[in-house]
Amino acid sequence: MILKSVEGQLELTFTYLPTSFSRLAFLASVRDSYTGRYLHEGWAMQSSAEQVHEILQRTHKDVFNLVLKMPLVTICGELKGYLECLANTQQRTVTLWLELESYRDMLPEGMSRVSRAFFLSQIKMALKVLLTIPEWSLIQAQPASLHPLLVPPLQRHLEN
């Protein structure tokens, strides 16, 4: 059996987690909520626990920053896809997440207060959208570049 590096194992794992949100959820799940240490028993056999922790911690921050930059409509779509893979119905899970705010566990350590607050507000809003409009197929996301300008461009006048 050929052992892969921790980075290789993480890359392989990410092939089965197609969205940034599902990757964020995975990374949060391998962090011990009491100590803040990232643990993965299988990968610890290939590298030191400290190296596994450092790689997962860095990756968690990187993926978090990707999610932070997503438009709300994209977060809604990725969150919906993630919730559909869970055992509960989507509506039950959304209601539970809004009540318990378990998505707070997805915050990596050391992020700014502004980043934390923005992420939490985006996730809370996405959950409310999914609770209100569970028929997601009615909403079509457009790439940001196709959104109409909110303010029309100023007309340039020729100087005399």
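Quantities reported herein were computed from a predicted structural model and do not represent experimental measurements.
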Asker: I'd like to check Q9 versus H40 (side-chain heavy atoms, cut-off strictly below 4.5 Å). Are they in contact?
Answerer: no
Asker: Is the backbone of Q90 close enough, under 3.5 Å, to the side chain of E84 for a donor and an acceptor to pair up by distance?
Answerer: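 Not a single qualifying donor-acceptor pair exists.
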Asker: Just how far is it from atom CD of E50 to atom OG of S48, taken to the nearest 0.5 Å?
Answerer: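 The CD atom of E50 sits 6.5 Å away from the OG atom of S48.
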Asker: Please check if the side chain of H53 supplies one atom and the backbone of R37 the other of a donor-acceptor pair under 3.5 Å.
Answerer: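 Answer holds: no.
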Asker: Out of curiosity, E101 CD to L127 CG, how far, rounded to the nearest 0.5 Å?
Answerer: 10.0 Å
Asker: Does E78 reach the side chain of S22, with side-chain heavy atoms less than 4.5 Å apart?
Answerer: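 Side-chain contact under 4.5 Å: no.
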Asker: Give a yes or no on whether R116 atom CZ has more than 12 heavy-atom contacts from other residues, nucleotides or ligands under 6.0 Å away.
Answerer: no
Asker: So which of T95, L100, T93, V94 actually passes side chain to side chain contact (heavy atoms under 4.5 Å, CB included) with W97?
Answerer: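 That would be T93; it is the only one of T95, L100, T93, V94 passing the side chain to side chain contact (heavy atoms under 4.5 Å, CB included) with W97.
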Asker: Has the side chain of R23 got a donor or acceptor atom that lies under 3.5 Å from a matching backbone atom of L17?
Answerer: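 Yes, the answer is positive, given that a donor and an acceptor are paired below the 3.5 Å cut-off.
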Asker: When you measure from the side chain of H60 to the backbone N and O of M106, does any donor-acceptor pair fall under 3.5 Å?
Answerer: yes
Asker: Tell me, do S102 and L96 make a side-chain contact under 4.5 Å, heavy atoms counted?
Answerer: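 Not touching, per the 4.5 Å side-chain cut-off.
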Asker: Look at the aromatic rings of Y82 and F21 and report parallel, tilted or perpendicular, splitting at 30° and 60°.
Answerer: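 The rings of Y82 and F21 stand perpendicular, inter-plane angle above 60°.
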Asker: Is the closest basic N to carboxylate O distance between R58 and E54 below 4.0 Å?
Answerer: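 No, this pair does not count.
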Asker: At what distance, to the nearest 0.5 angstrom, does OG of S20 lie from CG of L68?
Answerer: 11.5 Å
Asker: Return the SG to NZ distance between C76 and K128, rounded to the nearest 0.5 Å.
Answerer: 12.5 Å
Asker: Mind checking whether F14 and L27 have side chains closer than 4.5 Å, heavy atoms only?
Answerer: yes
Asker: Are P108 and Q57 side-chain neighbours, meaning at least one heavy-atom pair lies under 4.5 Å?
Answerer: no
Asker: Carefully, step by step, assess L107 and L120 under the rule side-chain contact (heavy atoms from CB on, under 4.5 Å).
Answerer: CA-CA 9 Å; L107 292 164; L120 294 173; 4.0 Å; yes
Asker: Do L66 and I123 belong together in a cluster built from hydrophobic side chains that touch within less than 4.5 Å?
Answerer: no
Asker: Please tell me if the side chains of Y38 and V52 come closer than 4.5 Å, counting only heavy atoms from C-beta onward.
Answerer: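 Side-chain contact under 4.5 Å: no.
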Asker: Are F64 and F118 connected in a single hydrophobic cluster, I mean Ile/Leu/Val/Met/Phe/Trp/Tyr linked by side-chain heavy atoms less than 4.5 Å apart?
Answerer: yes
Asker: Quick check: closest heavy atoms across Q122 and L72, and the distance to 0.1 Å?
Answerer: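 That would be O-CD1, 3.5 Å.
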Asker: Grouping I, L, V, M, F, W and Y whenever their side-chain heavy atoms are under 4.5 Å apart, do L39 and F26 come out in a common cluster?
Answerer: no
Asker: Salt bridge check, E109 against R31: does any charged N sit closer than 4.0 Å to a carboxylate O?
Answerer: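 Judged by the 4.0 Å cut-off on N to carboxylate O distance, R31 and E109 do not form a salt bridge.
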Asker: Does M111 reach the side chain of N65, with side-chain heavy atoms less than 4.5 Å apart?
Answerer: yes
Asker: Return yes if some donor-acceptor pair links the side-chain N/O of T59 with the main-chain N/O of I55 below 3.5 Å, else return no.
Answerer: yes
